[in-house]
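Every chain is numbered from 1, with letters handed out A, B, ... down the list of sequences.
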2 protein chains.
Amino acid sequence: MLSKTAEYALRATIYIAQKGTEDNKLGIDEVAEGIDSPKSFTAKILQLLTQNDRVVSSVRGRNGGFYLTDRARKLPVRAILEAVEEEEVITKCVLGLKECSETRPCPMHLQYKAIKKQLKQLFEKTSIQQLVEESNKGNLFINNQKAPKKRS
Amino acid sequence: MLSKTAEYALRATIYIAQKGTEDNKLGIDEVAEGIDSPKSFTAKILQLLTQNDRVVSSVRGRNGGFYLTDRARKLPVRAILEAVEEEEVITKCVLGLKECSETRPCPMHLQYKAIKKQLKQLFEKTSIQQLVEESNKGNLFINNQKAPKKRS
DNA sequence: TTATAAAAGGATAAATTTGTCCTTAATTAT
DNA sequence: ATAATTAAGGACAAATTTATCCTTTTATAA
């Protein structure tokens, strides 16, 4: 469905939104641990998300790290996918045809259309903040460990 | 969404189902042309589909080629995905978590659940035959060319 | 003002997916 | 039988994605 890049981008952003604020920034080590992802690769992906503070904000140096502004928290999940250029899922033809469209549909176009629409809505109508809120009230997980990893 | 492998598998199977019968088998050249796919790679993928006549049937030698039996035509689209081991889309977590489940949901689990269910239904309730029928009545396409390619 | 801590960035490597080519095996027309 | 035709299969190559490592830049604490 999504590439590893997109998966890590989503997980990292949600994690940072959950635990990070402007005066409690998260380091890349904590983020990668928190979401069970390869550290350096995640750092690379965060670079995409932090360009022009697009989705994630960051500062270097001591006490630096990653966090989300209030503006960013209101962004739709789609903004994360945009940042990593992974919007294909909600734009492409299921069969991979370049020319597939309403006027030139593939054999699955009609059936798939409805699903694509819902996917689109999921990504556009859901804000990062909403996911964080849900995580806060429910008992939701964003990594593969049963219990939070111990700090060493 | 789907890998190239899965896309070609779907296109090829639908194309063969449309144009091929036991006594009018299609050669790999025609299939690849018909669906705009790389020939050798498509041949490889068809090998997966023809194992034990799983989805596509084939015979070698003169007048050989690919076709679908009546039994195969009744198979759900999912059978094609199974043959190329591409069922992840309808089983995996959107965020790529190994442990994501009803009892241990990720932050998008609830919203995504409904979509996954529909995708699953699309692949399970739609038979290859149905897609062929639709293609026959409507003006549907399975390649990128406006008009069918000329035979040389 | 210097040392330290952090992200940014570049180069490279590993793994996977996608794609090609050539040989082999099977079928059938001649 | 033999030659021609076709899919099957194996080895390899190219491209892309995923991942790592090292250096540079930036910020701040001491």
Q) Do any N or O atoms from the side chain of A:S57 and from the backbone of A:D53 form a donor-acceptor pair under 3.5 angstrom? A)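 Not at all, since once roles are kept as given, no pair shorter than 3.5 Å links the two residues.
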
Q) At their closest point, which heavy atom of A:E86 faces which heavy atom of A:V89, and how far apart are they? A)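 Heavy-atom minimum between the residues: O-CG2, 3.6 Å.
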
Expressed as a whole number of angstroms, how long is the span from [X]:[atom1] to [N]:[atom2]?
| X | N | atom1 | atom2 | answer |
| --- | --- | --- | --- | --- |
| B:Q47 | C:dC21 | CD | C1' | 13 Å |
| A:N24 | C:dA6 | CG | P | 13 Å |
| A:K39 | C:dG9 | NZ | P | 18 Å |
| B:D36 | C:dT18 | CG | P | 17 Å |
| A:L46 | C:dG9 | CG | P | 12 Å |
| B:K4 | C:dG19 | NZ | C1' | 12 Å |

Any carboxylate oxygen within less than 4.0 angstrom of a Lys/Arg side-chain nitrogen, looking at [X] and [Y]?
| X | Y | value |
| --- | --- | --- |
| B:R78 | B:E82 | yes |
| B:K113 | B:E102 | yes |
| A:K92 | A:E87 | no |

Q: Have a look at A:K25 and say if it touches a base, only the backbone sugar-phosphate, or nothing, with a 4.0 Å heavy-atom cut-off.
A: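 Result for A:K25 = nothing.
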
Q. Base, sugar-phosphate, or nothing: which does A:L48 touch, judged by heavy atoms less than 4.0 Å apart?
A.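 No contact.
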
**Q.** Face-on cation placement of A:R104 at B:F141 ring, 6.0 Å and 45° thresholds
**A.**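 Yes, A:R104 sits over the ring of B:F141.
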
Q.
Would B:I16 and B:K25 count as a side chain to side chain contact (heavy atoms under 4.5 Å, CB included) here? Give the steps.
A. CA-CA 8 Å; B:I16 295 167; B:K25 309 187 194 74; over 6 Å; no

Q) Can you find a side chain N or O atom of B:Y8 that sits less than 4.0 Å from OP1 or OP2 on C:dG19? A)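 Affirmative; the distance criterion is met.
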
(Q) Measuring to OP1 and OP2 of C:dA7, would you say a side-chain N or O of A:T50 lies under 4.0 angstrom away? (A)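 For C:dA7, OP1/OP2 do not have a side-chain N/O of A:T50 under 4.0 Å.
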
Q. Can you list the residues that meet the side chain to side chain contact (heavy atoms under 4.5 Å, CB included) rule with A:E22, with sequence neighbours excluded?
A.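 For A:E22 the side chain to side chain contact (heavy atoms under 4.5 Å, CB included) partners, ignoring immediate neighbours, are A:Y67.
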
Q: Could you check if a side-chain atom of B:I80 sits within less than 4.5 angstrom of a side-chain atom of B:I128, using non-hydrogen atoms only?
A: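 Yes. Closest side-chain heavy atoms under 4.5 Å.
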
Q. Using a heavy-atom cut-off of 4.0 Å to chain B, what are the terminal contacting nucleotides of DNA chain D, in 5' to 3' order?
A.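 Endpoints of the contacted stretch of DNA chain D: D:dA4 to D:dA11.
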
(Q) Output one letter per nucleotide in nucleotides 22-30 of chain C: B when a protein non-hydrogen atom lies under 4.0 Å from the base, S when only the sugar-phosphate is that close, - when neither is. (A) ---BBBSS-

Q | Nearest-nucleotide 5' precedence on DNA chain D, A:F41 against B:D29 | A |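 Its nucleotide being nearer the 5' end, the pick is B:D29.
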
